Protein chains: 2
Amino acid sequence: MSLQYALLGIISKKPATGYDVVRIFKEQMVYFWNSTHSQIYTELHKMETKGLIHHELVIQHTSPNKKIYSLTDQGRKDLVQWAIEQPLKPAKIKDEFLIKTAAFNVLTVQDMIKLIDDVIERENKVLEMTNSWREHYINQEENDLGTMLTIEYGIRYSKMYLDWCTWAKDYIENSFLNKGSS
Amino acid sequence: MSLQYALLGIISKKPATGYDVVRIFKEQMVYFWNSTHSQIYTELHKMETKGLIHHELVIQHTSPNKKIYSLTDQGRKDLVQWAIEQPLKPAKIKDEFLIKTAAFNVLTVQDMIKLIDDVIERENKVLEMTNSWREHYINQEENDLGTMLTIEYGIRYSKMYLDWCTWAKDYIENSFLNKGSS
DNA sequence: AGGCGCATGTAATTAGTTACATGATTCA
DNA sequence: TGAATCATGTAACTAATTACATGCGCCT
């Protein structure tokens, strides 16, 4: 259900295709939402049936035809009402790396460090992508408040994650200095 | 599937009941995993059938009987193998508040500020809980590396979230100083 | 008397993932 | 010539949520 509001929110800024939404999720929203193209397309169909959005078909020659979705009045009304009236559900996070971290007791120090290094590399890439996306975004005509706020959130999230990784490596190294491994 | 490894990880530290696991998820792991009792009980059944865990039934008089689960050798082996060999899946986050934030363009400034204040209040409570849980935990006999690392992660996460909220309020106030609302 | 903590489970439904399916254009 | 981008969809399956179900003891 929340996915529908996520989609309404995205489309509220600018009419978009399902394909656009997929890109937005992974470029700008990885830090707080995720979905797949199959789920998005089916959800858009349902929302159109409910009268929350409608589409305009654009015939293309060099690439496949596309459906550009916009909000209906009902869709906009529902979005606003949800945003201000619906009590916030707590965030739900599934982070496998931290599950592995929680289970460090079954690993050797070398394995721990390797896992952390891998995640540092990964998170650095994400941060780089987000940084460059922000730069590109800021040098544009329109800049949307929601985008400015959430992109800053993403950058802070990545930095916090990376700082914690560095701290964790230190903590582990200190813990095992005069103790040996596992 | 990852849930099974999360459960193996928890049980690897200390034998636990389904009920214990539910508590651990919400006290210590809210920052990186979540599940419900119904899912956990059914998953524990499956894992026992697969020979990853086994239980000891404890008959109680003042409260209901309980099943204390421990890892089998196979369970421990599977956990280690998963931790060191399985490539990390990217974290999946579902944070409704940030979806609302992304859609701030449809709201009034008052509504934005109210939403942020609500989330600050909520996050402060979470941080307090985590802080007091950590203090209680540190003053104990055994202290597990995974727990130490992930609890620190949680505290950093909450602080980052709160800092960002403060920053966002400032940003919004500055944006609308001489412009009016919506 | 009513709610919370302890403790476990199943059934029904919804949400999400993975696999299957197509096809032109562009770039290396 | 092989992979990536654009673009949309359905089918099969797995994961997760919500609702239903029980029952004692303790605290207010």
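Everything numeric in this text was worked out from a predicted model, so none of it was measured.
- Note on A:Lys92: only backbone sugar-phosphate atoms sit closer than 4.0 angstrom, heavy atoms only; bases stay farther off.
- Taking the ring axis of A:Trp82 as reference, the NZ or CZ atom of B:Lys100 stays within 45° of it and closer than 6.0 Å to the ring centre.
- Take A:Phe25 and apply the side-chain contact (heavy atoms from CB on, under 4.5 Å) test, not counting sequence neighbours, and it matches A:Leu3, A:Ala6, A:Leu7, A:Ile10, A:Val21, A:Met29, A:Trp33, A:Ser35, A:Ile40.
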Could you walk me through whether A:Phe32 and A:Thr150 pass side-chain contact (heavy atoms from CB on, under 4.5 Å), step by step?
CA-CA 9 Å; A:Phe32 55 95; A:Thr150 53; 3.7 Å; yes
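- In the model, B:Glu135 has no side-chain atom that pairs as donor or acceptor with a side-chain atom of B:Asn131 under 3.5 Å.
- Listed nucleotides D:dT18, D:dG9, C:dA7 differ in distance to B:Tyr19; the shortest reach to its side chain belongs to C:dA7.
- Contact check, B:Gln39 against D:dA16: a side-chain N or O comes under 4.0 Å of OP1 or OP2.
- Distances shown here put every side-chain N or O of A:Asn34 at or beyond 4.0 Å from the OP1 or OP2 atom of C:dG16.
- To the nearest 0.5 Å, atom OG1 of residue A:Thr108 and atom CG of residue A:Asp111 are 3.5 Å apart.
- The residues A:Lys125 and A:Glu128 are annotated as not salt-bridged, no charged nitrogen and carboxylate oxygen being separated by less than 4.0 angstrom.
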Can you give one letter per nucleotide of nucleotides 20-28 of chain C, 5' to 3': B if a protein heavy atom sits under 4.0 Å from the base, S if only from the sugar-phosphate, - if neither?
---B-S---
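- In this structure, of C:dA7, D:dA16, D:dG9, it is D:dG9 that holds the atom nearest to the side chain of A:Lys67.
- Within 4.0 Å (heavy atoms only), A:Asp20 reaches no atom of the nucleic acid at all.
- Of the candidates C:dA7, C:dG9, C:dT18, C:dA7 carries the atom nearest the B:Gln60 side chain, counting heavy atoms from C-beta on.
- OP1 and OP2 of D:dA15 both lie 4.0 Å or more from every side-chain N or O belonging to A:Lys94.
- Candidate nucleotides D:dA19, D:dT8, C:dA15 were compared by shortest atom distance to the side chain of A:Thr17, and D:dT8 ranks first.
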